[in-house]
Structures are given as structure tokens and as C-alpha cells.
Amino acid sequence: QVQLVESGGGLVRPGGSLRLSCVASGSNYSITLMAWYRRAPGKQRESVAVVTIGGNTNYADSVKGRFTISRDNAGNTVYLQMNSLKPEDTAVYYCYARAVVDGFYEYNYWGQGTEVTISS
């Protein structure tokens, strides 16, 4: 079982920066992938950035060059550094983790979300 807790959201002006954090906790698990998703008002949830256990990363075209996803050495914390924020980045951001539990079962886990609002 894995719990994910996001933090770092808030209200910033266009061009500003935020750093989101997601901490995984639990027992008998091994995370294989972590990602950030977001759901903007009136839109479907979309993948923003992904980092695998091997360190490979992928970004949505809309955030390339502005956002950076990273994990700590233990692989249980993921960050999303967001720079040059735009109003269209306004959304609830969700942490996602894929984890193997009890050495066999693979599950998807979601955090509760943290709100990011970009407005002047």
C-alpha cells in the first residue's frame, strides 16, 4: 500500500515559479514510475511529466523547456520544478505512482492533488 502526498501549490503571477513535491510512503512496495498529471478547469486530466526508475523523463509539449521532473535517490519523492508559468498552467496537479506491492502486484496510486493558479 502506498500513499502519495503533494505539496507546493499556490497562487503565482505569470512568469513566476513553483516547486511541487510528492512524497510516497507505505510498506512493502517498490515504485517503478512516478509522474505528474494535471486537470485544468473544464479540461480532461493530462500527463505533464513522467520519470521512470531508470531516470528517463518525458514531458508534455506544452511544458517542455519550462518544467523539470526529478526524483530523489531513494525514488520515493518526486518533484516538479515549474518555471515561466503561464495562465494556462492553472490546474490541480496530481502525483501519480506505479508501484509493485508485496513483490508481485502492480497498482496505480494517486495523490489528492495540489492547486496551482497562475494569475496576475
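Fair warning: this is a prediction, and the values are worked out from it, not measured in the lab.
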A.B. asks: Tell me, do Met82 and Arg66 make a side-chain contact under 4.5 Å, heavy atoms counted?
C.D. replies: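 No, too far: nothing below the 4.5 Å cut-off.
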
A.B. asks: Just by modelled atom types, is the Arg19 backbone N or O under 3.5 Å from a matching donor or acceptor in the Gln81 side chain?
C.D. replies: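 It does not hold such a pair.
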
A.B. asks: May I ask you to test the Ser119-Pro87 pair for a side-chain heavy-atom distance under 4.5 Å?
C.D. replies: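 A side-chain contact under 4.5 Å is absent here.
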
A.B. asks: Would a single hydrophobic cluster contain both Val116 and Tyr59, if residues Ile, Leu, Val, Met, Phe, Trp and Tyr are joined by side-chain heavy-atom contacts under 4.5 Å?
C.D. replies: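 Linked within one cluster.
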
A.B. asks: Does any part of the side chain of Trp110, heavy atoms only, come nearer than 4.5 Å to the side chain of Tyr37, both counted from C-beta?
C.D. replies: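 Heavy-atom side-chain distance check passes, below 4.5 Å.
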
A.B. asks: Is there side-chain contact between Asn76 and Ser25, with at least one heavy-atom pair below 4.5 Å?
C.D. replies: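 The answer is no; the side chains never approach within 4.5 Å.
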
A.B. asks: Do you know which of Thr68, Thr57, Asn58 makes side chain to side chain contact (heavy atoms under 4.5 Å, CB included) with Val51?
C.D. replies: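 Only one of Thr68, Thr57, Asn58 forms a side chain to side chain contact (heavy atoms under 4.5 Å, CB included) with Val51, namely Thr57.
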
A.B. asks: For Phe67 and Tyr93, take the angle between the two ring planes, folded into 0 to 90°, and tell me which bin it lands in: parallel under 30, tilted 30 to 60, perpendicular over 60.
C.D. replies: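 Ring orientation of Phe67 relative to Tyr93: tilted.
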
A.B. asks: State plainly whether one hydrophobic cluster holds both Val78 and Leu18, where clusters connect Ile, Leu, Val, Met, Phe, Trp and Tyr through side-chain heavy atoms under 4.5 angstrom apart.
C.D. replies: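 They do share one cluster, since a chain of ILVMFWY contacts under 4.5 Å joins Val78 to Leu18.
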
A.B. asks: Glu6 side chain to Gly113 main-chain N or O, any donor-acceptor pair under 3.5 Å?
C.D. replies: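 Between the backbone of Gly113 and the side chain of Glu6 there is a qualifying donor-acceptor contact (under 3.5 Å).
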
A.B. asks: Drop me the distance from Ser30's OG to Arg98's CZ, to the nearest 0.5 angstrom.
C.D. replies: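 Rounded to the nearest 0.5 Å, the OG-CZ separation comes out at 12.5 Å.
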
A.B. asks: How long is the straight-line distance from OG of Ser21 back to CG of Leu80, given to the nearest 0.5 Å?
C.D. replies: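 The distance works out to 9.5 Å.
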
A.B. asks: Is there side-chain contact between Ile31 and Val100, with heavy atoms separated by less than 4.5 Å?
C.D. replies: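 With C-beta onward as the side chain, the pair stays apart.
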
A.B. asks: Please tell me whether Val12 and Val63 are part of a single hydrophobic cluster in this structure, the criterion being side-chain heavy atoms less than 4.5 Å apart.
C.D. replies: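 As far as the 4.5 Å side-chain criterion goes, Val63 and Val12 are connected within one cluster.
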
A.B. asks: With a 4.5 Å limit on heavy-atom distance, are the side chains of Thr114 and Leu20 in contact?
C.D. replies: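 The answer is yes; the side chains approach within 4.5 Å.
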
A.B. asks: Looking at Gln3, I want to see if its CD is surrounded by more than 12 non-hydrogen atoms of other residues, nucleotides or ligands under 6.0 Å.
C.D. replies: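 Yes, because the 6.0 Å sphere around CD of Gln3 holds more than 12 heavy atoms from other groups.
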
A.B. asks: Checking the side chain of Thr90 only, and the main-chain atoms of Ile118 only, is there a donor and an acceptor separated by less than 3.5 Å?
C.D. replies: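 Answer holds: yes.
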
A.B. asks: Counting only heavy atoms not in Glu115 (residues, nucleotides, ligands), do more than 12 fall under 6.0 Å from its CD?
C.D. replies: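 Count not over threshold, so no.
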
A.B. asks: Atom OG in Ser47, atom CZ in Arg38: separation rounded to 0.5 Å?
C.D. replies: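 Between atom OG of Ser47 and atom CZ of Arg38 there are 10.0 Å.
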
A.B. asks: I'd like to check Cys22 versus Trp36 (side-chain heavy atoms, cut-off strictly below 4.5 Å). Are they in contact?
C.D. replies: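 The answer is yes, as the side chains (C-beta and beyond) meet within the 4.5 Å cut-off.
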
A.B. asks: So that I can tick it off, tell me whether Asp89 and Lys86 are bridged by a salt bridge, with the cut-off set at under 4.0 angstrom between side-chain N and carboxylate O.
C.D. replies: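 Result for this pair is no, no salt bridge flagged.
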
A.B. asks: Quick one: CD on Gln112 to OH on Tyr94, what's the gap to the nearest 0.5 Å?
C.D. replies: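 Taking CD in Gln112 and OH in Tyr94, the distance rounds to 8.5 Å.
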
